[in-house]
Amino acid sequence: MDLIDALRTTGAARNFHPGVVSDEVLHRLLDTARFAPSGGNRQGWRVIVVKDPEAREALRDIYLTGWYEYLAMVASGLVPWAPFTDRDAEAVAITRAHEFAELAAAAPEPGFAESLHQAPALLLILADLSALAAVDRDLPRYTLAGGASIYPFIWSLLLAARAEGLGGVMTTMPVRREDDVRALFGIPENVAVASLVALGRPIAAPRRLKRDPVGSFAWLDRYQGPAFSADE
Ligand SMILES: Cc1cc2nc3c(=O)[nH]c(=O)nc-3n(C[C@H](O)[C@H](O)[C@H](O)COP(=O)(O)O)c2cc1C
């Protein structure tokens with residue numbers, strides 16, 4: 001598949017045909033993803049392939065706590081957990097999380113979150129914090145540069161999966177309960193939970209992705225200057 005086509009059409013897949021993804025395929029995906037860039041080429045990603053049914057169910061339960069809070073915040077018009085946000089409004093919204101849990105319980109079919117434990121493959125992606133060049137570590141704001149050494153690995157994994165006719169989604173909901181995830185898998189304190197990736201053979205064909213145009217986020221010479229365009 002053409003690289004540009006893959007970049008423009010690889011969306012999140014959350015509904016999969018039943019059946020596991022073989023270890024051989026998973027190994028091949030990881031073997032390709034490991035060529036992702038990282039600060040200083042420190043390669044701080046760590047991966048747990050989660051097969052144990054009890055651990056999978058525990059991860060699903062951990063996921064669901066954050067998921068219902070997420071839905072409650074979205075319903076209140078918030079960007080969930082945005083570093084810049086109205087924390088009071090967020091706290092009020094979260095009190096309604098149980099309503100979304102009840103709605104999900106009454107739904108005729110379980111959603112992606114409720115059936116997460118049944119995903120054909122689940123990969124827990126971790127970050128060894130002692131291997132991250134987090135250049136913004138000492139700034140008086142929320143830090144994000146460290147994650148840039150991990151998430152490209154996940155994106156490479158998803159693109160490699162696409163090349164195999166697979167699809168998936170990077171999720172971050174389990175990060176909300178990182179300590180519980182650490183306890184579940186024996187993860188040491190210097191290692192953070194970056195993502196839980198679900199993979200499988202997608203039921204739906206790739207669809208047209210909705211993204212904002214370049215002119216809405218790229219400017220010439222200054223922040224919110226003239227929209228950057230291809231024309232002189
Ligand atoms: C950092 C990050 C965190 C995400 N967390 C979740 C998540 O917890 N659960 C989930 O279902 N999707 C998650 N996603 C997937 C996004 O919802 C998805 O990329 C976005 O909605 C665009 O979807 P599309 O590519 O299918 O258009 C995450 C994506 C990123 C990049």
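Start at 1 and go down the list; that is how both ligands and their atoms are numbered. Nothing here was measured: the structure is a model prediction, and the numbers come from that model.
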If you count every heavy atom of other residues, nucleotides or ligands that lies below 6.0 Å from [X] atom [atom1], does the total exceed 12?
X: H98; atom1: NE2; result: yes
X: D5; atom1: CG; result: yes
X: F228; atom1: CZ; result: no

Is the shortest N/O to N/O distance between [X] and ligand 1 below 3.5 Å?
X: A12; result: yes
X: K210; result: no
X: M173; result: yes
X: M170; result: yes
X: T10; result: no
X: R14; result: yes

Specify side chain, backbone, both or neither for R176, according to which of its non-hydrogen atoms lie closer than 4.0 Å to ligand 1. neither
Proximity of T171 to ligand 1 by residue part, where a heavy atom lies under 4.0 Å: both
Distance alone, cut at 3.5 Å: any donor-acceptor contact between the side chains of R162 and T9? yes
Does any donor atom in the side chain of R42 or S149 lie under 3.5 Å from an acceptor atom in the other side chain? no
Quick one: does atom 28 (C) of ligand 1 have a protein heavy atom under 4.0 Å from it? yes
Show the atoms of ligand 1 that are less than 4.0 angstrom away from any heavy atom in [X].
X: V169; answer: 12 (N), 15 (C)
X: G11; answer: 25 (O), 26 (O)
X: R207; answer: 24 (P), 26 (O), 27 (O)

Around atom 3 (C) of ligand 1, find the nearest protein heavy atom and jot down its residue, atom name and distance. T172 OG1, 3.3 Å
Atom 22 (C) of ligand 1: the protein heavy-atom neighbour that sits closest, reported with distance to 0.1 Å: R211 NH2, 3.8 Å
Quick one: does Y63 get within less than 4.0 Å of ligand 1, heavy atoms only? yes
Centre-to-centre under 6.0 Å for W219 and Y223, is that the case here? yes
Between R60 and E114, is there a salt bridge with N-O shorter than 4.0 Å? no
Using modelled atom types and a 3.5 Å cut-off, is there a donor and acceptor pairing between side-chain atoms of D128 and backbone atoms of V191? no
Flag, side chain of E178 to backbone of A192, donor-acceptor distance under 3.5 Å: no
Decide salt bridge (Lys or Arg N to Asp or Glu O under 4.0 Å) for R182 and D179; before the verdict, give the C-alpha distance in whole Å, the side-chain angles of both, and the deciding distance to 0.1 Å. CA-CA 5 Å; R182 278 211 187 98; D179 284 348; 3.1 Å; yes
